Amino acid sequence: MTLKELFPHQVEAVDAVLRVLQTPASGHLPAEGLRAQVIAATGSGKTLIAVAAAEKLGARHVLVLVPTLDLLTQTAAAWREGGRTGRYGQLLAAAA
């Protein structure tokens, strides 16, 4: 459960992620799988969007790629603050 209430633009982004990651009506997933990318301004809450989307999807593992170790540390802290800890909230992250 996300601990912070989302702003309207974040709710809209979470809804968009959920729409993109829905299983197609045919029931057949594309060979490359389902993927989403959130593009938003610095400080707009992309990490909280990811936490909320992962929670709503029931995702057990989420891969997050960031360009720096500082941002990796920040992301991991926000992930934990969002309630995504333990076995069913694992964050798999990598920094360039």
Side-chain angles (χ1 to χ4, degrees):
M1 176 171 95
T2 54
L3 302 179
K4 294 184 178 185
E5 188 169 336
L6 300 179
F7 288 105
H9 73 277
Q10 294 167 325
V11 171
E12 184 179 340
V14 170
D15 290 344
V17 168
L18 297 178
R19 280 193 307 275
V20 168
L21 294 179
Q22 284 181 345
T23 302
S26 67
H28 298 289
L29 294 177
E32 65 276 5
L34 299 174
R35 299 174 187 180
Q37 184 177 25
V38 175
I39 300 171
T42 300
S44 61
K46 292 180 290 293
T47 302
L48 292 177
I49 292 166
V51 170
E55 185 67 32
K56 289 188 179 210
L57 288 166
R60 291 175 35 175
H61 303 286
V62 176
L63 174 64
V64 177
L65 304 172
V66 295
T68 67
L69 290 175
D70 288 339
L71 191 52
L72 177 61
T73 302
Q74 176 186 332
T75 300
W79 201 256
R80 285 189 296 275
E81 288 173 19
R84 298 289 294 178
T85 60
R87 182 175 177 179
Y88 296 105
Q90 291 181 348
L91 169 69
L92 308 172

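As the structure is a prediction and not an experimental result, all values here were calculated from the model.
Between the CG atom in Leu6 and the CG atom in Leu48 there is a gap of 6.5 Å [rounded to 0.5 Å]. Rounding to the nearest 0.5 Å gives a distance of 11.0 Å between NZ of Lys46 and CD of Gln37. Put simply, CG on Leu21 and CZ on Arg19 are 11.0 Å apart, with the number rounded to the nearest 0.5 Å. Atom NZ of residue Lys56 and atom CG of residue Asp15 lie 6.0 Å apart, to the nearest 0.5 angstrom. Here the CG-CG distance, from Leu65 to Leu71, works out to 11.0 Å after rounding to the nearest 0.5 Å.
In the hydrophobic clustering of ILVMFWY residues, with side-chain heavy atoms under 4.5 Å counting as a link, Val62 and Ile39 come out apart. Transitive grouping of hydrophobic side chains (ILVMFWY, heavy atoms separated by less than 4.5 Å) brings Ile49 and Leu34 into a common cluster.
Pairing each heavy atom of Ala41 with each of Ser44, the nearest pair is O-OG, 2.6 Å. Across all their heavy atoms, Ala53 and Leu18 have their closest contact at O-CD2, 4.1 Å. Nearest heavy atom pair, residue Val51 against residue Ala78, reads CG2-O, 4.3 Å.
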